[in-house]
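None of the values given here were measured: they were computed from a predicted structure. All heavy atoms count here, side chains included; hydrogens, waters and symmetry mates do not. Nothing fancy with the numbering, it's 1 onward along the sequence.
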Amino acid sequence: MASTVFDSVLFRDMFGTAEMRAVFSDEALVGRYLETEAALARAQARAGVVPKDAAAAIDAASRSIKLDFDRLRHETEIVGYPILPLVHQLSEAAGEAGRYVHWGATTQDIMDTANVLQIRAALDIVARDLKELRGILADLAARHRDTPMAGRTHLQQALPVTFGYKVAIWLSSIDRHIERIGQARPRILLGEFSGAAGTLASVGEGGLEMQRLFCEELGLNQPPITWHVARDGIAEAVTLLGLITGTLGKIATDVMLMCATEFGELSEPFVHGRGASSTMPQKRNPISSELMLAAAKAVRQHVATMLDGMIHDFERATGPWHLEWVSLPESFLLTASSLANAKFMLAGLVVHESRMRTNLGLTHGLIVAEAVMMAAAPKLGRQHAHDVVYDACRKAIEQGGDLAEILSGVPEIVTALGGLDAIRRHCDPANYLGLSGQMVDRVLG
């Protein structure tokens, strides 16, 4: 029976994707172990350490072996690690060549390298999804480049912005994450073949060349020195996922708030029954955004775990390494889920432009008080203009009424702005959008 959301029949596609689960499944992981052992044999044959026919036999066995997973599980529970039990079965499958399986390697060499191969495949998925999400956001930002809405600070209406401007800010973070993945790959995608204490004493002279050939076989970078206890690369991978899901969590938070009845500016895509309540027929809950936010919070905890797990003792750790076995797959699964939800939700996002314009009018012009102040400042001086507009705002708040009408009764403002029409123009939020459009263009460009 499934016991977590990651393998639950009910929840697994809410907290992961089938594609990412395939990368981190038991079968895939053991397959990576076998791929790594075969690459080591091929590299050692190229280095003249292992007979070529033995390497070929090991490689063939790694591809055709019918593993006894029950035996593998049982022996793994006894040993504490799966590599020695796997080497037993691979050696048997390779026949006479089995004597050369795992030559000079240590368990962590194989497990670390297999994990890096998983990370490479998983990062490919994340990078692809980020690029697809970028396209969705770019279209949304361009479409709403000039759609005015209330910009909010501290949950209060502040100044007018455009919805395209808001989306372009989201997009700018996605662009940086795409860049970060490219920059991080050389640091993360390192092979590991170093032997028991990392010194390659088991193979001696020629060990570094053997290591280079091993990494070459797998398309990984050769590390300058052993990283058995230098876990910054693996931690960086999960921290990067924390940044990505953090951005998606921010987007989700904005969308959820804007979907609230009192805002009414956005709706998640309509799918019959999605977000429905068991008791309230009118409900259309922002389920995709909720899952994105949950993923951000869960991955954040894994980031903290991975940073803690960097603190290894001496040349091989007693415990911290095991934390990666938990956090690495779960972080990638959660990130994949969040990206899938983001693509679905943002591609079909319903934007209620009329409600955005209505909300801009809630303050009866107060949202553009700064516009009037700055327009009057050249004639009145900034501070005096501030004081005059401040008094008008206070009157509008305390007595009610439209800011433009109140300002029309202030001779200083009428004169400074050049008439009543100018006051009305400056009090229209759509005329005080700053450089929102230009900024959208810069991000899209």
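If you check the side chains of Asp109 and Thr106, you find no donor sitting under 3.5 Å from an acceptor. Between the side chains of Gln118 and Asn115, a donor-acceptor pair is found at a separation under 3.5 Å. Inspection of the His228 and Ser194 side chains reveals no N or O donor paired with an N or O acceptor under 3.5 Å. Asn285 and Glu290 are not linked by any side-chain donor-acceptor pair at a separation below 3.5 angstrom, with hydrogens and angles left out of the test. A donor-acceptor contact closer than 3.5 angstrom is absent between the side chains of Gln108 and Tyr81. The closest side-chain donor-acceptor pair between Arg71 and His74, if any, does not fall under 3.5 angstrom.
For OH of Tyr390, the number of neighbouring non-hydrogen atoms (other residues, nucleotides, ligands) closer than 6.0 Å is 12 at most. Within 6.0 Å of the CZ atom in Arg442, the count of heavy atoms belonging to other residues, nucleotides or ligands does not exceed 12. Taking a 6.0 Å sphere around CH2 of Trp103, one finds it holds 12 or fewer heavy atoms contributed by other residues, nucleotides or ligands. Sparse packing is recorded around OH of Tyr165, with 12 or fewer heavy atoms of other residues, nucleotides or ligands lying under 6.0 Å away.
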Applying side chain to side chain contact (heavy atoms under 4.5 Å, CB included) to Val49 and Tyr100, what does each step give before you reach the verdict?
CA-CA 9 Å; Val49 174; Tyr100 294 106; over 6 Å; no
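To the nearest 0.5 Å, the span separating NE2 on His302 from CG on Leu323 amounts to 10.5 Å. Between the NE2 atom of His352 and the OG1 atom of Thr147 there is a distance of 13.0 Å, given to the nearest 0.5 Å. Distance check, rounded to the nearest 0.5 Å: CG of Leu208 to CD1 of Ile225 gives 9.5 Å. To the nearest 0.5 angstrom, Arg180 atom CZ is 7.5 Å from Leu240 atom CG. Distance CG/Leu190 to CG/Leu218: 12.5 Å, rounded to 0.5 Å. Between the OG1 atom in Thr247 and the CZ atom in Arg176 there is a gap of 7.5 Å [rounded to 0.5 Å].
Residues Thr162 and Arg145 approach most closely at OG1-O, 2.9 Å, considering heavy atoms. Here the shortest heavy-atom pairing between Tyr33 and Ala114 reads CD2-CB, 3.4 Å. Pairing each heavy atom of Ser338 with each of Thr245, the nearest pair is CB-CG2, 4.4 Å. Shown here for Leu334 and Ala298, the closest heavy-atom pair between the two residues is CD1-CB, 3.5 Å. Across Leu349 and Ser267, no two heavy atoms sit closer than the pair CD1-O, 3.5 Å.
The salt bridge (charged side-chain N to carboxylate O under 4.0 Å, His left out) analysis of residues 347-365, with sequence neighbours excluded, yields the pairs Arg357-Asp428. Within the structure, salt bridge (charged side-chain N to carboxylate O under 4.0 Å, His left out) pairs that include any residue of residues 190-208 do not occur (at least two apart or interchain). Sorted by first then second residue, the salt bridge (charged side-chain N to carboxylate O under 4.0 Å, His left out) pairs that include residues 17-44, not counting sequence neighbours, are Asp13-Arg21, Glu19-Arg128, Arg32-Glu35, Arg42-Asp59, Arg42-Glu217.
With respect to Glu209 and Arg212, a salt bridge is recorded, a charged nitrogen being found less than 4.0 Å from a carboxylate O. Comment: Arg187 does not engage Asp232 in a salt bridge, judged by the lack of any side-chain N to carboxylate O separation of less than 4.0 angstrom.
Taking the side chain as every heavy atom from C-beta outward, Val303 and Leu241 never approach each other to under 4.5 Å.
Aromatic ring orientation, Phe11 versus Phe15: perpendicular (interplanar angle above 60°, classes split at 30° and 60°).
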